[in-house]
2 protein chains.
Amino acid sequence: MWRACCNLDKLETLTLTHLSASNDGIEVGVAGIKDVAARAGVSISTVSYVVSGKRKIKDETRERIYQAALELGYAPVVNAVNESKHCTHVLAVSSPLRPYTDVSNYAAFFFALATAAKKYGYDLLLLMHEAGDHEMQRVAEDRIVDGIFLLDVLLSDSRTEIAASLNIPVVSIGCANNTSAVYSVDLDFAGMGREAIEKAYLLGHRHIMLYCPGRHAFIEGSNFLVRFTDAAMQRAEELGVTVTRKFAPGKTIDDVNLTIDEAFGEDPQISAIICEESVSVGAIIASLNRRGLRVPEDISLMAACVGGSSSRLADELPMNPNAVCERAVEIMIAALRGERHDVGYVELLPAEYHARGTMIARKLPTRN
Amino acid sequence: MWRACCNLDKLETLTLTHLSASNDGIEVGVAGIKDVAARAGVSISTVSYVVSGKRKIKDETRERIYQAALELGYAPVVNAVNESKHCTHVLAVSSPLRPYTDVSNYAAFFFALATAAKKYGYDLLLLMHEAGDHEMQRVAEDRIVDGIFLLDVLLSDSRTEIAASLNIPVVSIGCANNTSAVYSVDLDFAGMGREAIEKAYLLGHRHIMLYCPGRHAFIEGSNFLVRFTDAAMQRAEELGVTVTRKFAPGKTIDDVNLTIDEAFGEDPQISAIICEESVSVGAIIASLNRRGLRVPEDISLMAACVGGSSSRLADELPMNPNAVCERAVEIMIAALRGERHDVGYVELLPAEYHARGTMIARKLPTRN
DNA sequence: CTGAAAGCGCTTACAG
DNA sequence: CTGAAAGCGCTTACAG
């Protein structure tokens with residue numbers, strides 16, 4: 001099948017007007033240096049020098065010869081053109097495997113990227129590195145891919161440093177502290193954190209639990225959780241809201257019960273829970289039921305930073321991989337086409353709130 | 001960087017013993033047809049015919065000429081050898097996007113495949129096709145990949161038919177009805193279905209609910225759910241166990257409540273639930289609690305066919321993507337190396353039961 | 001089954 | 001800045 005990267009359609013349809021007249025009959029369809037020379041009105045030696053570049057030929061003559069060569073489909077010139085335009089039509093996705101990585105979250109990004117890239121005729125190469133940046137350098141040096149996307153970007157991420165030394169564009173899905181050598185696209189997680197708190201505040205909630213997944217994600221600086229949480233905490237302080245932040249030790253029903261119990265032990269007045277995760281939402285509801293608390297009548301519940309697999313059990317501030325990935329691909333394509341050279345550009349997309357009826361106005365205390 | 005697929009190390013280190021004696025001095029390092037002819041002790045025309053293949057040359061002579069050509073590093077022959085051995089070191093993963101596809105389940109397979117493939121120096125190319133088999137043909141014809149893995153294989157899957165016409169090996173992760181043109185690796189889902197029922201039976205359960213995800217998965221014939229369910233139903237019948245099978249209309253808490261209510265409406269004696277899914281397990285526990293039923297004291301619970309993201313809330317019969325993908329990669333590599341030619345081979349891996357204390361002996365009725 | 005030799009495409013010092 | 005012509009690598013009917 002004809003690949004779009006080699007746009008020599010013009011040559012394909014042209015007919016050969018000058019044919020080489022070898023003495024063993026009429027040769028059809030293969031243009032030689034003789035044909036090019038005749039069409040350009042020069043000697044074969046001049047054509048030879050143009051093709052090899054071993055002697056400087058006057059601009060005008062050279063152009064005429066190239067013109068004739070391309071029109072006749074003279075192989076050496078056509079091949080040279082193809083070589084220079086050669087692209088793999090493959091884009092890499094750098095997906096680190098960290099100890100705490102929830103791979104199920106990656107899937108939505110893979111599919112969103114793949115779907116968007118396909119519109120432009122690009123395939124996706126999966127690049128996993130437990131270790132580091134060696135893989136990025138390898139695929140760039142070996143010209144296996146035309147560009148690289150970064151997933152699960154840390155605040156301090158060595159991949160954004162490495163990008164500077166690569167000869168292909170890198171688009172970071174997520175914001176590192178150093179954005180100078182990459183294009184960055186991300187959701188506005190800080191805005192999301194503020195929005196979550198404000199939403200609860202406007203519904204009358206003044207005691208909120210922040211349910212966070214395992215602590216390691218924060219320690220290693222997985223960028224979006226840190227941004228969301230920091231902004232949420234700060235906004236809560238500004239509004240005078242009491243926040244109880246808890247890191248769940250795990251995802252079993254016991255882990256969830258323990259975490260919920262601890263939070264209510266510290267602040268019995270909690271009336272809303274913001275969970276920075278999706279899978280534990282069902283268990284949180286079960287855990288609250290066990291304490292005799294219903295959602296949303298007694299406790300309002302919201303899931304933020306929800307990745308690919310939405311539980312659909314609560315109001316959500318989802319990651320929206322589709323929007324982010326579409327923009328990432330658009331930026332990548334523009335960079336590959338040479339339409340933009342503003343490396344260091346950062347784009348933050350606004351979050352969308354998905355209501356499912358689990359965030360309601362705080363019930364006023366009936367007694368006491 | 002030097003890629004392992006081109007093993008011409010031998011040629012690199014050889015020195016040129018015969019050099020072309022052109023009259024403009026001594027040419028070093030470039031072997032011509034003349035040199036090969038001299039070394040092989042034949043005329044240049046014979047060498048020419050061997051290289052072009054336009055005339056049949058006696059086996060012995062031909063071998064001698066090839067030998068000489070390789071020793072001298074004669075470009076046309078060396079290049080031909082390279083071409084024939086050329087491999088991309090990339091393997092495709094065909095991941096269909098069906099309406100009911102839970103992409104989060106794919107992730108574990110992607111990572112397991114990528115990790116296993118990397119051990120052999122292979123990268124993974126993501127291939128999504130809403131439509132069909134065009135993508136497989138494209139990457140095979142364009143020689144973008146060396147082999148293809150199939151994910152989410154249906155009982156009647158056109159991709160297993162297409163495989164017959166491709167010039168690269170195809171390893172199916174999941175069993176289609178037609179396995180003749182591919183290598184197949186899968187968990188033994190039928191065995192898993194029987195095991196699930198037997199486990200419950202041996203614990204005294206005689207009324208079991210089978211909680212199935214959306215009906216469309218079954219209608220379209222997603223292979224593992226059908227195999228699991230059919231085998232489970234049959235084993236239940238053999239053992240005289242009453243099974244209430246329910247298809248959940250969705251994954252919200254309301255969907256789960258509705259499904260559970262329907263099942264208990266049909267058979268109030270249900271004492272164990274086997275859920276063919278992971279994400280709804282938390283909601284099922286919550287739903288049972290709402291009915292005043294506790295897990296496992298009142299109702300035993302097991303999750304089977306659990307994909308990448310285990311909820312860890314119940315006993316599980318997981319998919320074990322790692323084991324399946326490792327075998328798939330091993331088979332692929334062996335096929336690529338020409339070490340096996342038994343296309344049509346099917347390998348079923350036994351399931352492993354993960355106990356978490358939610359399957360216990362049936363409580364004897366206290367009254368009535 | 002193979003070689004001697006004519007011929008072609010292309011390169012390149014030489015000439016202007 | 002370019003051409004005529006010698007020469008090289010390779011191919012291929014022709015001959016045996």
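A, B, ... follow the sequence lines: proteins, then strands. Residue 1 opens every chain. Scope of the values below: all heavy atoms of this structure, side chains included, with no hydrogens, waters or symmetry mates.
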When the aromatic ring centroids of B:Y106 and A:F111 are compared, is their separation below 6.0 Å?
yes

If you check the A:K54 side chain, which of C:dT12, D:dT11, C:dT2 turns out closest?
C:dT12

Please state how far atom CZ in B:R62 lies from atom P in C:dC1, giving the value in whole angstrom units.
10 Å

Interatomic distance, A:Y49 OH vs C:dA13 P [rounded to whole Å]
7 Å

So what does A:V51 hit on the nucleic acid, given a heavy-atom distance under 4.0 Å: a base, only sugar-phosphate, or nothing?
nothing

Between the base of D:dT2 and the side chain of A:R55, is one N or O donor paired with an acceptor at under 3.5 angstrom?
yes

Rounded to the nearest Å, what distance is computed from the CD1 atom of residue A:I33 to the C1' atom of nucleotide D:dA5?
14 Å

So what does B:V42 touch, heavy atoms closer than 4.0 Å: a base, only the sugar-phosphate, or nothing?
sugar-phosphate

May I have the distance from B:K34 (atom NZ) to D:dG9 (atom P), rounded to whole angstrom?
4 Å

So B:T61, base contact, sugar-phosphate only, or nothing? Heavy-atom distance under 4.0 Å.
sugar-phosphate

Less than 4.0 angstrom between a side-chain N/O of A:Y74 and OP1 or OP2 of C:dC10, yes or no?
yes

Which heavy atom of A:Y74 sits nearest a heavy atom of A:G32, and at what distance?
CE1-C, 3.6 Å

Given atom CD of B:E63 and atom C1' of C:dC1, what is their separation to the nearest angstrom?
16 Å

Among B:V90, B:L91, B:L127, B:L124, the one residue meeting side chain to side chain contact (heavy atoms under 4.5 Å, CB included) with B:V145:
B:V90

Determine which nucleotide pairs with D:dA13, using a 3.5 Å limit on both distances of a Watson-Crick or G-U wobble pair.
none

May I ask you to decide if the ring planes of B:F110 and A:F110 are parallel, tilted or perpendicular, using 30° and 60° as cut-offs?
tilted

Can any side-chain N or O of A:D142 pair as donor or acceptor with the backbone N or O of A:I144 at less than 3.5 Å?
no

Can you check whether any acceptor in the base of C:dA4 is under 3.5 Å from a donor in the side chain of B:S45, or vice versa?
yes

By nearest-nucleotide position on DNA chain D, the 5'-leaning member of B:V47 and A:D59 is A:D59

State the pairing partner of D:dA4; accept Watson-Crick or G-U wobble contacts with both distances under 3.5 Å, and report none otherwise.
none

What is the distance, rounded to the nearest whole Å, between atom CD1 of B:I44 and atom P of D:dT11?
9 Å

Round to the nearest Å and state the distance from A:I57 atom CD1 to D:dC1 atom P.
9 Å

